[in-house]
Every structure is written in C-alpha cells, then in structure tokens.
Trainee: 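Quick one: the structure is below, questions incoming.
Here is how names work: the chains are called A, B, and so on, in the same order as the sequence lines, proteins then strands, and each is numbered from 1. Just the heavy atoms: all of them, side chains too, but no hydrogens, waters or symmetry mates, feed the values below.
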There are 2 protein chains.
Amino acid sequence: MQQDHENDLPAYKRIQNVILKRMESGGLRAGDAIDSERQLAKVHQVSLMTARHALAGLEREGVVVRRRGAGTFVAPPKIHFNKLMSFTEQMAVRNLPARSKILSCTVTEEESEVAARLALPPGSRLIRLERLREGAGEPFALETCYLSEAEFPRLRHAPLERGSLFSILESEYGLELAQSDEEIDATNADARTAQLLAIGKGQPLLRIRQVIYSAKGRATVYVRGFYRSDRHNLLIRRFR
Amino acid sequence: MQQDHENDLPAYKRIQNVILKRMESGGLRAGDAIDSERQLAKVHQVSLMTARHALAGLEREGVVVRRRGAGTFVAPPKIHFNKLMSFTEQMAVRNLPARSKILSCTVTEEESEVAARLALPPGSRLIRLERLREGAGEPFALETCYLSEAEFPRLRHAPLERGSLFSILESEYGLELAQSDEEIDATNADARTAQLLAIGKGQPLLRIRQVIYSAKGRATVYVRGFYRSDRHNLLIRRFR
DNA sequence: AAGTGGTCTAGACCACGGC
DNA sequence: CCGTGGTCTAGACCACTTC
C-alpha cells in the first residue's frame with residue numbers, strides 16, 4: 001500500500017489540507033496545539049516521515065510553528081507582508097468595500113517600453129486597461145495595466161467591472177500568479193490625475209510600477225499605479 | 001552508526017556545507033549540475049532521505065533548483081530583493097561613493113511615539129541621530145534614526161562619520177540585525193528638507209519609516225527617512 | 001518520566017526528462 | 001531506456017520541554 005487512495009493528492013498534502021481546513025473553520029485558533037507527528041501518523045495511517053513532511057511544509061509556509069520538545073502550534077495571525085494581492089483583496093483585508101471604475105479599455109501597439117517589460121517584441125498589441133480604484137467611496141488610486149492581447153484575446157469583453165482582474169485571469173485563463181517586481185517612487189499629481197483622485201494638483205502620490213510574473217516565470221501583466229499617499233500606506237518587510 | 005562523526009553537525013548540514021563551499025570556491029557555477037541524491041548518499045555514506053533533506057534545504061534557501069527527471073542545479077545568481085541594507089551597502093551595490101553628514105546627534109526624552117515603536121516606556125532617553133546621506137556627491141536622503149541610550153551608551157561618541165551605523169552596531173555591540181518593517185508613503189518637501197536635499201520646496205519625496213529588529217526579535221532601531229524620488233527607487237518583490 | 005520534534009536508516013515504487 | 005527527483009515505509013535514537 002502506498003501513495004494516495006481516495007484522490008490523486010499525495011498523503012502529506014491531504015494531511016496539510018485537513019489541518020488547514022480545521023484552521024479555516026475555526027476549529028483551530030492561533031496558539032492551539034496541532035496533533036503531534038506520531039498522532040498524525042497514526043490517524044492518517046502514514047509513516048512518521050510523511051507526517052513530518054506535512055508539518056514541515058506548513059511550517060515553511062508560516063501557518064504553523066514547531067517547538068522541539070513542546071509540539072506544533074498554529075502560528076499567530078500573519079500580517080501579510082510582501083504579499084502580492086489584488087486591489088480587491090487588499091480592500092477585503094481592511095474590511096472596506098472596493099469598487100473600480102473603468103476609464104478606458106483599448107488596444108495599443110505603441111507602448112514599446114511596456115512591451116519590453118513583458119518580454120514582447122516592440123509594437124506588440126497590448127490591452128491597456130485604465131481603472132480608477134475606490135475604497136469606501138473615496139478615490140484611492142489610478143491604475144493602468146497592460147497585457148498581451150494575443151495571450152488574453154477575450155479579456156477585453158470580460159465583465160471587468162465586476163470581478164477582479166486577478167480572479168478572471170486565474171479562473172478564465174488558468175493563470176497562476178506567483179510574484180511581482182515593483183519599482184516605487186514619489187511624484188506630484190498632474191492636473192488630470194489630481195482631478196480623478198479628487199485631490200489638489202501637486203499633491204504627493206506614490207507611484208508603483210509592477211511586473212507580475214506567472215508561476216512559470218513569465219512576465220504577464222504590467223501595472224502602473226498612482227496612489228493617494230494620504231489614503232495608502234505601503235508595508236514592506238526586509239530581511240538581512 | 002548514526003548522526004555525526006567528525007564534528008557535531010548533523011549529516012545533512014555537512015553535505016550542505018560541502019556543496020556551499022564548492023560554490024563559493026568557484027568549483028560550481030550557476031546552472032551547473034549538483035550530485036544527484038543517490039550520488040550524495042553514496043559519497044557521504046548516508047541514506048537517501050538524508051541526502052534529500054540536504055538538497056531540499058538548499059532549495060528552500062534558493063541556492064539550488066531541482067527539476068524532476070533532470071537533476072539539481074546551482075540557482076542563477078539571486079538579485080537581492082527585499083534585503084535590509086545600510087545606506088553604505090546600498091551605495092556599494094551601485095558602485096557609488098557614499099558619504100554621510102551628521103546634522104545632529106542628541107538625546108531626547110520626548111519622542112514617546114518613537115519610544116513606543118521600540119517597545120520602550122514613554123519618556124525613555126533616546127539617541128537621535130540626524131544624517132544627510134550623499135551618493136556621488138549629490139544629496140540623496142535625510143535620515144533620522146533613534147536608538148535606546150541605555151542599550152547603546154557609548155554610541156554617541158563613536159566615529160559615526162566614518163563607518164556605517166550598521167557595522168558599528170554589529171561589531172561594537174555584537175548586535176545581529178535580522179529584519180525591518182517599513183511604512184512607505186509620499187510627501188512634499190518642506191522648506192528645510194528641500195534646502196538640505198538641494199531640491200525645490202514641494203518636490204515629491206519618498207518617506208520611509210522603518211523599525212529594525214534584532215535576530216532575537218527585539219525592536220532596536222527606528223529610522224525615518226526622506227528620499228529624493230528623482231535619485232532613489234525602491235525595488236520590492238512580492239509573492240502570491 | 002512521558003511526550004515532542006530533529007535526525008537518520010535502507011530500502012521501495014512512481015512520474016518525469018532527456019537521450 | 002536509464003537516471004532524476006517526489007513520495008513513502010516502519011522503524012530507530014537523540015535532544016529537548018513540560019510536568
């Protein structure tokens with residue numbers, strides 16, 4: 001007997017899922033003890049190394065803390081540092097209602113610099129989507145994102161007003177987003193941006209230019225955003 | 001026979017060290033194949049699981065890439081994203097000469113908000129060090145950092161003009177810096193800051209407020225910095 | 001002393017990659 | 001096809017924490 005039985009997941013992942021589900025459902029709270037390796041091995045009918053593998057994976061992801069001699073415990077609620085999240089998700093964390101107004105959605109062939117950042121030849125046809133982001137009824141940010149039209153042909157006619165772009169990419173195109181590299185600086189609002197964001201001209205803005213990569217390492221989306229610095233705060237964690 | 005022989009390191013760490021040493025010495029370059037699990041097991045006289053454990057650890061740290069069916073390879077040189085670096089170190093990466101002008105170095109008891117961020121009681125005596133950072137002869141940033149005077153009594157009389165604060169803390173006080181949490185937004189330069197940074201009043205600045213933690217998890221340094229956005233670009237990597 | 005995680009063994013079969 | 005990493009077994013001893 002070996003490997004999976006009921007479905008095609010490896011045993012260690014099944015164990016992880018059981019634990020994760022118990023945490024989501026509230027059965028396990030921060031600080032609570034998780035079943036020990038030996039208990040898990042017995043309950044799930046696997047060897048000790050497999051139970052260990054499951055817990056080690058959860059520890060690497062930060063959802064669990066292991067203390068020798070003591071046990072394995074649910075990690076304290078993690079603040080989402082350096083997490084790539086859609087605007088919708090960011091607002092959800094803050095418990096704010098999110099809305100997006102689509103200002104334009106066109107195809108351009110003349111943004112060669114953006115094309116280069118997406119590793120596409122100059123002159124490539126790019127979907128250019130400009131959106132005004134609102135949280136709690138207040139304008140929050142002005143975001144322009146670019147994607148290859150060849151790669152996402154139907155996207156222009158998708159219900160972009162409703163769901164987030166991230167979720168459409170993930171569900172409709174099976175795209176798995178993995179990471180983003182971002183370039184951050186400060187600028188002053190020009191007249192149009194100021195008007196859209198309902199602030200005075202010359203007010204300071206955070207400018208974030210990000211290249212979002214898929215799990216396969218492909219540069220997939222380019223986003224340039226201007227964020228009201230009185231409404232938005234970037235939180236970053238760095239390591240030595 | 002089991003566990004270590006020649007020294008008190010676990011076998012999997014000894015294997016890792018052998019590989020790391022071979023990479024440092026140039027014997028292994030980016031893209032080169034590492035010995036397979038089975039080879040390592042045979043060479044180091046350990047079981048397959050132990051050799052696997054060694055490679056899995058190296059992969060987690062990003063020094064190695066594993067491809068099923070193909071092998072394990074030295075990872076491409078990693079660009080240092082989200083790395084906590086001193087100003088001096090940042091300049092060194094860019095090959096720019098770094099200089100700092102100390103504007104003031106005093107003790108304050110009235111910065112209760114900063115004290116709170118360092119987990120000190122309000123009214124604590126704090127060293128307050130204000131420095132103008134210059135790179136390539138141009139003013140770059142205005143940084144004010146705070147430390148507990150009780151914890152670093154001699155620091156005020158250290159040669160701060162010369163070495164970086166980081167290196168003094170690490171060498172003189174044996175302090176091991178581990179991470180920093182940073183809050184980033186944009187502001188406009190006020191009159192004094194503008195003059196010091198040699199820019200026009202109202203020009204956009206990146207404001208970074210960071211709490212630097214020691215390896216023991218203790219909040220040790222608080223830094224508030226204003227960075228010329230025309231000279232400085234923040235690079236960040238986020239993960240999904 | 002009892003229980004925990006950390007390390008380790010000596011094998012096994014599977015899925016995948018490159019030739 | 002053969003070699004690779006991925007998963008897994010059924011145990012073992014050690015170091016540590018908690019009681």
Trainee: Taking only N and O in the side chain of A/H53, is any of them less than 4.0 Å away from OP1 or OP2 of D/dT7?
Mentor: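 Yes, within the criterion.
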Trainee: Would a 4.5 Å heavy-atom cut-off, applied to side chains only, mark A/Q210 and B/I236 as touching?
Mentor: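 A/Q210 vs B/I236: side chains apart.
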Trainee: Between C/dG5 atom P and A/E59 atom CD, what is the distance in whole Å?
Mentor: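 Answer to the nearest Å: 11 Å.
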Trainee: Toss me the dot-bracket line for DNA chain C: Watson-Crick and G-U wobble, both under 3.5 Å, 5' to 3', using | for pairs to another strand and [ ] for crossers.
Mentor: ||||||||||||||||||.
Trainee: Just by distance, with hydrogens left out, do A/E110 and A/T108 show a side-chain donor and acceptor under 3.5 Å apart?
Mentor: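 No, no side-chain donor-acceptor contact under 3.5 Å.
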Trainee: Can you identify which nucleotide, out of C/dG5, D/dA10, D/dC8, has its nearest atom closest to the A/A11 side chain?
Mentor: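 Nucleotide nearest to A/A11's side chain: D/dC8.
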Trainee: Please determine whether any donor N or O and acceptor N or O are separated by less than 3.5 Å between the side chain of A/R38 and the base of C/dG5.
Mentor: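 Answer yes: a donor N or O sits under 3.5 Å from an acceptor.
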Trainee: Rounded to the Å, how far apart are B/E37 CD and D/dT7 P?
Mentor: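 Nearest whole value for this atom pair: 11 Å.
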Trainee: Considering every strand and a 4.0 Å limit on heavy-atom distances, what is the contact class for A/R67: base, sugar-phosphate, or nothing?
Mentor: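 It contacts sugar-phosphate atoms only.
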Trainee: Is a side-chain donor-acceptor pair under 3.5 Å present for B/R224 with B/Y146?
Mentor: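 Side-chain D/A pair, B/Y146 to B/R224: present.
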Trainee: In whole Å, I'd like the distance from the CG atom of B/D32 to the P atom of D/dT4.
Mentor: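 Going from B/D32 (CG) to D/dT4 (P), I get 16 Å.
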Trainee: Figure out the CZ/C1' separation between A/R66 and C/dG6, and round it to whole Å.
Mentor: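 My rounded result for the distance is 9 Å.
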Trainee: Measure CG/B/D35 against P/D/dT4 and give the value in whole Å, please.
Mentor: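 From B/D35 CG to D/dT4 P: 9 Å.
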Trainee: Picking from C/dA15, D/dC8, C/dG17, which would you name as closest to the side chain of B/A70?
Mentor: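 Nearest to the side chain of B/A70 among the choices is C/dG17.
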Trainee: Can you see whether A/R52 engages A/Y12 through a side-chain donor-acceptor pair at a distance of less than 3.5 angstrom?
Mentor: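 Their side chains do not contain a donor-acceptor pair, so the 3.5 Å distance test is not met.
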Trainee: Are any non-hydrogen side-chain atoms of A/N82 and B/R237 less than 4.5 angstrom apart?
Mentor: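 A side-chain contact under 4.5 Å is absent here.
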Trainee: Between B/E143 and B/Y227, do the side chains contain a donor N or O and an acceptor N or O under 3.5 Å apart?
Mentor: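 There is such a pair (donor and acceptor under 3.5 Å, judged by atom type) between the side chains of B/Y227 and B/E143.
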Trainee: Does the side chain of B/S36 get closer than 4.0 angstrom to OP1 or OP2 of D/dT4 through an N or O atom?
Mentor: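 For B/S36, the contact criterion (side-chain N or O under 4.0 Å from OP1 or OP2 of D/dT4) is met.
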Trainee: Please determine whether a side-chain nitrogen or oxygen atom of A/Y12 lies at a distance below 4.0 Å from atom OP1 or OP2 of D/dT7.
Mentor: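 Checking A/Y12 against D/dT7: at least one side-chain N or O falls below 4.0 Å of OP1 or OP2.
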Trainee: Output the rounded distance in Å from CD (B/Q45) to P (C/dT9).
Mentor: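 These atoms are roughly 10 Å apart.
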Trainee: Taking only side-chain nitrogens and oxygens of B/T72, does any of them come within less than 4.0 Å of OP1 or OP2 of D/dG5?
Mentor: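 Yes, B/T72 has a side-chain N/O under 4.0 Å of OP1/OP2 on D/dG5.
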Trainee: Hey, are B/E61 and B/K78 close enough for a salt bridge, meaning a charged N less than 4.0 Å from a carboxylate O?
Mentor: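 Looking at B/K78 together with B/E61, the answer is no, because their closest N to O distance does not fall below 4.0 Å.
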Trainee: Of the options C/dT9, D/dG6, C/dG6, whose atoms approach the side-chain atoms of B/V46 most closely?
Mentor: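 Nearest to the side chain of B/V46 among the choices is C/dT9.
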Trainee: Whole angstrom is fine here: how far is it from CZ in B/R68 over to C1' in C/dC13?
Mentor: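 One finds 12 Å between C1' of C/dC13 and CZ of B/R68, rounded.
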Trainee: If each of B/Q39 and A/K13 is mapped to the nucleotide of DNA chain D with the nearest heavy atom, which maps nearer the 5' terminus, i.e. the 5' end?
Mentor: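 The residue closer to the strand's 5' end, by nearest nucleotide, is B/Q39.
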Trainee: Measuring to OP1 and OP2 of D/dT7, would you say a side-chain N or O of A/T50 lies under 4.0 angstrom away?
Mentor: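 For A/T50, the contact criterion (side-chain N or O under 4.0 Å from OP1 or OP2 of D/dT7) is not met.
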Trainee: Between B/F152 and B/Y173, is the ring centre distance below 6.0 Å?
Mentor: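 That pair passes the under 6.0 Å test.
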Trainee: Please report, rounded to the nearest Å, how far the P atom of D/dT7 is from the CG atom of A/L9.
Mentor: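 So the two atoms are 11 Å apart, to the nearest Å.
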Trainee: Which one, C/dC8, C/dG6, D/dC8, comes nearest to the side chain of A/M49?
Mentor: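 Nearest nucleotide to the side chain: C/dC8.
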